[in-house]
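Notes for the one structure printed next.
Throughout, a chain's letter reflects where its sequence line sits, starting with A, and its residues are numbered from 1.
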There are 2 protein chains.
Amino acid sequence: MLSKKTKYAFHALSYLAENQEKGAVLIQEIAFSKNISHKFLENILLELKKAGILGSKKGKGGGYYLIKKPEEITLAKIIRLLNGPIAWLPCVSLNYYEKCSDCPDEATCNMHLIMCQVRDQTLAVVENKTLADLTAKNTDKQTFKY
Amino acid sequence: MLSKKTKYAFHALSYLAENQEKGAVLIQEIAFSKNISHKFLENILLELKKAGILGSKKGKGGGYYLIKKPEEITLAKIIRLLNGPIAWLPCVSLNYYEKCSDCPDEATCNMHLIMCQVRDQTLAVVENKTLADLTAKNTDKQTFKY
DNA sequence: CATAAAACCTACAAACTAAATAGGGTAATA
DNA sequence: TATTACCCTATTTAGTTTGTAGGTTTTATG
């Protein structure tokens with residue numbers, strides 16, 4: 001299941017995508033609008049900034065804003081950043097790889113093979129869906145990739 | 001990520017599948033062979049029994065055994081039982097459905113739609129893979145469904 | 001320059017979940 | 001009838017997620 005943090009990130013990013021013309025938007029405004037704890041959201045936006053997805057401006061009139069087009073921000077990137085690995089096993093993760101302690105040989109491990117398939121099927125969706133797909137008002141605008 | 005409980009379940013089931021000719025197998029034997037805490041494994045096997053996957057025999061010479069063919073036990077069933085929902089959002093879960101608190105309307109929610117796709121892609125793998133695929137010694141025996 | 005407003009940073013507390021342990025109860029069988 | 005091993009409940013331990021607190025730095029502006 002996706003964590004609250006991840007869901008909050010999607011909500012916040014959607015808000016920023018839908019209000020790009022405003023320029024910098026206050027944490028406060030997003031938090032109130034999406035019903036998220038101000039301080040908790042602060043941490044999330046900071047992470048998104050460090051990951052190069054958001055920009056920020058300090059001081060009066062400051063706030064956060066997108067520094068990429070919504071079409072360039074994949075769901076996979078957000079999920080990996082805030083939710084952690086997409087794969088079901090560490091030995092199958094592309095971004096958080098770790099050797100499985102209980103598996104002697106990945107090459108011949110049947111579980112490994114199957115979990116690779118699960119990972120690839122999942123990625124086929126989330127690597128090809130972007131923030132733009134989340135904010136599209138009509139299903140017509142959705143880009144079905146498969 | 002799959003929980004330890006889930007991985008233990010797969011290990012135990014594999015052991016039982018590979019030792020079907022033995023009849024009832026001691027918890028102790030599985031725990032030792034797969035390096036799992038005896039008591040923890042006891043709980044897991046009990047859950048699998050209640051779910052109709054395992055049978056048991058009490059008293060001397062007792063133990064656990066499969067009551068279905070390995071080909072009839074899907075990975076999806078085991079994962080749902082021990083790991084919980086396969087879906088990434090409660091509003092998209094087939095077996096653990098719950099309305100999302102922050103979503104006003106599933107029918108028009110873009111996230112809902114995308115998460116359905118993720119779920120279906122995942123299920124396409126784990127509903128069609130069984131315990132038999134886990135214990136197959138050669139990759140030749142694997143049944144590739146896509 | 002002074003001030004207010006806002007992001008930034010560090011640390012911690014509370015709540016929840018997963019993992020493991022303990023100890024006994026109950027049923028079957030040699 | 002004693003032994004063996006499943007069955008059940010509760011508790012502890014550890015780890016993660018979620019949320020809170022307070023201070024620091026930057027910047028626009030009067």
Side-chain angles (χ1 to χ4, degrees), chain A residues 1-12 16 22-32 34-67 79 81-85 88 90 96 98 101-102, chain B residues 1-12 16 22-32 34-67 79 81-85 88 90 96 98 101-102:
Chain A
M1 288 277 188
L2 297 182
S3 67
K4 279 194 172 190
K5 213 169 174 178
T6 310
K7 291 196 238 173
Y8 289 163
F10 280 127
H11 277 126
L16 289 173
K22 284 193 183 177
V25 177
L26 293 183
I27 295 178
Q28 191 57 53
E29 182 179 333
I30 306 171
F32 177 79
K34 296 293 188 174
N35 201 32
I36 307 171
S37 146
H38 175 110
K39 281 298 202 175
F40 196 41
L41 181 58
E42 201 174 292
N43 294 328
I44 295 168
L45 295 179
L46 212 48
E47 277 195 77
L48 290 167
K49 187 199 167 181
K50 286 177 183 166
I53 293 161
L54 296 182
S56 69
K57 207 179 140 190
K58 285 187 178 181
K60 197 168 186 176
Y64 282 97
Y65 49 90
L66 289 178
I67 56 176
I79 291 171
L81 189 64
L82 292 146
N83 213 66
W88 264 351
Y96 295 85
E98 268 180 62
S101 55
D102 46 5
Chain B
M1 288 278 189
L2 297 181
S3 67
K4 280 195 173 188
K5 212 169 173 176
T6 311
K7 290 195 238 174
Y8 290 162
F10 280 127
H11 277 125
L16 289 173
K22 283 192 184 178
V25 176
L26 294 184
I27 294 178
Q28 191 58 50
E29 181 179 335
I30 305 172
F32 176 79
K34 297 292 187 173
N35 201 32
I36 307 171
S37 145
H38 176 108
K39 279 296 200 177
F40 198 39
L41 181 58
E42 201 172 292
N43 292 329
I44 294 167
L45 296 178
L46 211 46
E47 277 194 77
L48 289 167
K49 186 195 170 185
K50 285 177 184 167
I53 293 162
L54 295 182
S56 68
K57 202 179 145 189
K58 288 184 178 180
K60 195 166 190 176
Y64 281 100
Y65 50 90
L66 290 177
I67 56 177
I79 291 170
L81 190 64
L82 293 146
N83 213 65
W88 264 350
Y96 295 86
E98 268 180 62
S101 55
D102 46 6

Q: Name the nucleic acid region contacted by B:I27, choosing base, sugar-phosphate or nothing; use a 4.0 angstrom heavy-atom cut-off, strictly under.
A: sugar-phosphate
(Q) Measuring only between side-chain heavy atoms, which start at C-beta, is A:I30 closer than 4.5 Å to A:Y8? (A) no
Q. Is the shortest side-chain N/O distance from B:Y64 to OP1 or OP2 of D:dA5 below 4.0 Å?
A. no
Q: State the NZ-CD1 distance between B:K7 and B:I79, to the nearest 0.5 angstrom.
A: 12.0 Å
**Q.** Given DNA chain D, 5'-ward residue of the pair B:K49 and A:S3, judged by closest heavy atom
**A.** B:K49
**Q.** Phosphate OP1/OP2 of C:dA7: any A:Y65 side-chain N/O under 4.0 Å
**A.** no
Q: Round to the nearest Å and state the distance from B:E47 atom CD to D:dT9 atom P.
A: 13 Å
Q) Atom NZ in B:K5, atom CG in B:L41: separation rounded to 0.5 Å? A) 11.5 Å
Q. Checking all strands, does A:L45 fall into the base, sugar-phosphate, or nothing category for heavy-atom contacts under 4.0 angstrom?
A. nothing
Q. What is the distance, rounded to the nearest whole Å, between atom CG of A:L26 and atom C1' of D:dT27?
A. 14 Å
(Q) Does a side-chain N or O of A:K5 approach OP1 or OP2 of D:dT16 to a distance below 4.0 Å, or not? (A) no
Q: Not counting sequence neighbours, which residues clear side-chain hydrogen bond (donor to acceptor under 3.5 Å, both in side chains) with B:E29? List them please.
A: B:Y15, B:K22
**Q.** Contact letters for nucleotides 21-30 of chain C, in which S counts primed atoms plus P, OP1 and OP2 and B counts the base, heavy atoms under 4.0 Å
**A.** B-BB--SBS-
Q: Return the value, rounded to whole Å, for the distance between atom CG of B:L82 and atom P of C:dA18.
A: 12 Å
Q | Atom-pair distance (CG on B:L2; C1' on C:dA19), nearest Å | A | 16 Å
Q: Could you check how far OH of A:Y96 sits from P of D:dT16, rounded to whole Å?
A: 14 Å
**Q.** Separation of D:dA5 P from B:I30 CD1 (nearest whole Å)
**A.** 13 Å
Q. Is any side-chain nitrogen or oxygen of A:S56 closer than 4.0 Å to OP1 or OP2 of C:dC8?
A. yes
Q | Beyond-backbone contact of B:L2 with B:L82, side-chain heavy atoms, under 4.5 angstrom | A | no
For residues 55-66 of chain A, please give each side-chain donor-acceptor pair under 3.5 Å, one per line with the distance, not counting sequence neighbours.
{"from": "A:S56", "atom 1": "OG", "to": "A:K49", "atom 2": "NZ", "distance (Å)": "3.2"}

Q: Give the rounded distance in Å between these two atoms: NZ of B:K50 and P of D:dC6.
A: 15 Å
Q. For atom OH of A:Y96, is the number of surrounding heavy atoms from other residues, nucleotides or ligands below 6.0 Å larger than 12?
A. yes
Q. Does the side chain of B:Y8 get closer than 4.0 angstrom to OP1 or OP2 of C:dA20 through an N or O atom?
A. yes
Q: Return the value, rounded to whole Å, for the distance between atom CG of B:L41 and atom C1' of D:dC7.
A: 14 Å
